[in-house]
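Computed from a prediction, not measured in an experiment: that's the story for all the values here. Lettering of chains follows the sequences in order, A, B, ..., and the numbering in each one begins at 1.
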There are 2 protein chains.
Amino acid sequence: MRQRITVKDLARAAGVSIGTVDRALNGRPGINVETRQRVLSAAETLGYRRNKLAQSLGRKSQIKIGCVFPSRYSFYPDIEAGINHAAATLADHNVRVVSRRTENLGDEREGMFIDELVEAENVSALALCPSHSTRLNQKIDELAARGVPIVTIATDAPASRRLTCVSTDSFNNGQIAGDLMCGFLREGGRTVVLTGSLDVTDHERKVSGFSSVINGCPHGIEIAHVYETHDVAAECADAVTHALQTYPELRGIYVSTSTGASACQALKDQGRAGEVYLIGTDLFQQNIPFVQNGTIQALIFQNPFEQGRKAIEILYSHLSSDTRFGPTNFVIPSIITKHSVQHFRCYC
Amino acid sequence: MRQRITVKDLARAAGVSIGTVDRALNGRPGINVETRQRVLSAAETLGYRRNKLAQSLGRKSQIKIGCVFPSRYSFYPDIEAGINHAAATLADHNVRVVSRRTENLGDEREGMFIDELVEAENVSALALCPSHSTRLNQKIDELAARGVPIVTIATDAPASRRLTCVSTDSFNNGQIAGDLMCGFLREGGRTVVLTGSLDVTDHERKVSGFSSVINGCPHGIEIAHVYETHDVAAECADAVTHALQTYPELRGIYVSTSTGASACQALKDQGRAGEVYLIGTDLFQQNIPFVQNGTIQALIFQNPFEQGRKAIEILYSHLSSDTRFGPTNFVIPSIITKHSVQHFRCYC
DNA sequence: TTGAAAGCGGTACCAT
DNA sequence: ATGGTACCGCTTTCAA
């Protein structure tokens, strides 16, 4: 029966008190360099591993993590669900998660909410879905300097000093869509792409990933056009309609941003549903029927729930000082088909 | 600052000691029915929620969970990795996982190992990959009667009194493969299926799921033949070769059991790699190259790691008495393509 | 049947 | 710079 090494064992081994062991182990001030070294090497040789449960239980002050994200737009409700799930798991660990919802990605209260969480709520870490890739940089950097770690979710502020970004790999998302389209169009054919705006990094990367695979595909598939639809339903529908009329022989459509029902409806209205391959992105209540009736051949699902969950997990593990992760923290996208869609319930 | 309700609060509210509260809360003997009721209703009204951390930390005796599974065959190493991962996570919770490896699915030491774990190692729960769907029923039922909960992984003993089975939904696996094949063969065409043995429930269900989708597919796809290859590499290769020669116009192959390199190699040897659609099952070091070079169009991955992880998680949550799960506990299969295969590292 | 108290492995504060 | 000790919330003796 393998016995656990505890701080007491270390104290005995190093000939000090457990208070001192604690100082050494956690880099707290007020300890002699040599003493610290002695404790640390004892920990090393004895193979000490901190018990996270005891750590959480013994902590007097509770850890507060703040979150700011949009309330409705796109898949944010699913991110929120993931955050809440993590929060429930961490409740026993004396952690509390406080959230602020903005109306949409452009909401200028974003900065205000951040300040509020830090100043009033006194959170010791933040998870954000930044509405702009650079606008928050200064604020993020300031907070990072003050020792408030920040994780971005889904959207990023890559040039800031945020701890890491949790998201899917956009380019890879496009590649996977390309894999499928390439498989579907063995006989070659024309395709079009619908995206939000090529100025948005995430959108551009997806299109690039898709293009790279399509261009490397041996069956002579062509991308006839890339439509920018600005995430507006009407523009999506128009793009689909336009594509079908301009390229009557069109065989495939890749929708690289949230696939709304409007594009599907347009395809159906033109009598081409189930004939033109439609590969979409992300899952919503609205497009589930279109997956089930075969209008949407496949969806690349970015697992927003998992993204939210992971962000909180990362922040907590960072705060309890056992960090491990790079500058980006990718969540694996899932491919959804007619008979797998039921596994991926979503809240939006 | 929301304060946590603890046993002390309950003790005060019910006018008893915390020892009594513990007896009431955990159904321990030696407590008056009325007292128990008083405590329980106090817990109810105050909204008491047990702190799992404190529970683990306070537990004197460590919980031991035993596992028996094959060592090599198929994806068992990945299941084992998942089990070990869960074990590492639960280490802080004063839980220890003890494993016994059989040589293969037919190993008669399986029963012996189970006895050994229960009698000698004194485990309080078991996770098994039963080698036969009924042969272990009696033993499982006996142990269940003795209060040793058992979870089956990947393979099942459905008629036994096992707590639950963690696996993917075989029929659904086949359906998903069917979705893809149906998408690939828009122009119709002939396909064949390779499976282990139709006598094995799991294999039969996958074939059925695939067939159901193919038959419901509007493009007139035909399943020309179902080969039983008994999970023997040579038989797989022979089946592929035979199929290509018998049905020269063959357009698709669905391999519903672990897709070995042999089938891919046969396809390549016949000069049809990358032309005939090959949809396989599960990921192995050996077939990764074939996914990357386009011989395998897609894999239905049963996430063995997750299955192992989940089984242990379920057993632990059952032992610490907050159970929640049905007779089967499905893990969602993943669809793997050329550009997503790198996300799914495997150990076998 | 019930109560009191000693842990579990840490953290945090107060002495020294 | 160090030691000592009272927690955290629950489990588990041991008395009563």
Side-chain angles (χ1 to χ4, degrees), chain A residues 1-39 43 46-63 90-96 124 319-322, chain B residues 1-39 43 46-63 90-96 124 319-322:
Chain A
M1 189 161 292
R2 176 151 83 289
Q3 210 51 43
R4 192 174 245 291
I5 309 295
T6 77
V7 281
K8 272 182 190 154
D9 298 320
L10 296 189
R12 201 174 314 119
V16 294
S17 74
I18 64 169
T20 300
V21 169
D22 180 61
R23 289 175 195 109
L25 249 32
N26 297 292
R28 292 186 226 285
I31 180 176
N32 187 293
V33 196
E34 289 165 17
T35 318
R36 155 167 298 140
Q37 208 34 253
R38 192 146 37 93
V39 174
L46 292 183
Y48 170 80
R49 298 212 332 100
R50 177 213 331 275
N51 184 320
K52 307 201 65 174
L53 270 51
Q55 179 184 34
S56 297
L57 203 56
R59 183 171 42 226
K60 297 283 191 215
S61 61
Q62 80 176 339
I63 288 181
L90 290 178
D92 281 351
H93 288 260
N94 209 358
V95 174
R96 200 147 75 93
S124 39
L319 290 175
S320 51
S321 63
D322 44 46
Chain B
M1 188 162 290
R2 177 153 81 289
Q3 211 48 47
R4 191 174 246 290
I5 308 296
T6 77
V7 281
K8 271 183 191 157
D9 298 319
L10 295 188
R12 202 173 314 119
V16 295
S17 73
I18 63 169
T20 301
V21 169
D22 180 64
R23 288 175 196 110
L25 249 32
N26 298 292
R28 293 188 226 285
I31 179 176
N32 187 294
V33 196
E34 289 164 20
T35 318
R36 155 168 298 140
Q37 207 35 253
R38 195 146 36 94
V39 174
L46 293 183
Y48 170 80
R49 298 213 331 104
R50 176 213 325 276
N51 184 319
K52 307 201 66 176
L53 271 51
Q55 179 183 34
S56 297
L57 203 56
R59 185 172 40 228
K60 297 282 192 214
S61 61
Q62 80 177 339
I63 287 181
L90 290 177
D92 281 351
H93 288 259
N94 208 358
V95 174
R96 201 147 75 92
S124 39
L319 290 175
S320 52
S321 62
D322 44 48

A:R28 atom CZ, neighbour heavy-atom count above 12 within 6.0 Å: yes

A:L57 and B:L57, any side-chain heavy atoms less than 4.5 Å apart: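 Yes - at least one pair of side-chain heavy atoms lies under 4.5 Å apart.
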
Over all strands shown, is [X] touching base, sugar-phosphate only, or nothing at heavy-atom distances under 4.0 angstrom?
| X | answer |
| --- | --- |
| A:S61 | nothing |
| A:R49 | sugar-phosphate |
| A:R50 | sugar-phosphate |
| A:N94 | nothing |

Near-strand residues of residues 10-19 of chain A, defined as heavy-atom separation under 4.0 angstrom from DNA chain C: A:I18

Sidechain N-carboxylate O distance under 4.0 Å for A:R4, B:D92: yes

Inter-residue atom distance A:R12.CZ - A:L46.CG, 0.5 Å rounding: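 Answer rounded to 0.5 Å: 10.0 Å.
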
Straight-line distance of A:T35 OG1 to A:R38 CZ, nearest 0.5 Å: 5.0 Å

Under 4.0 angstrom between A:R28 side-chain N/O and C:dA12 OP1 or OP2: yes

Residue mapping more 5' on DNA chain D - nearest nucleotide basis, A:R23 or B:R23: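 Nearer the 5' end of the strand: A:R23.
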
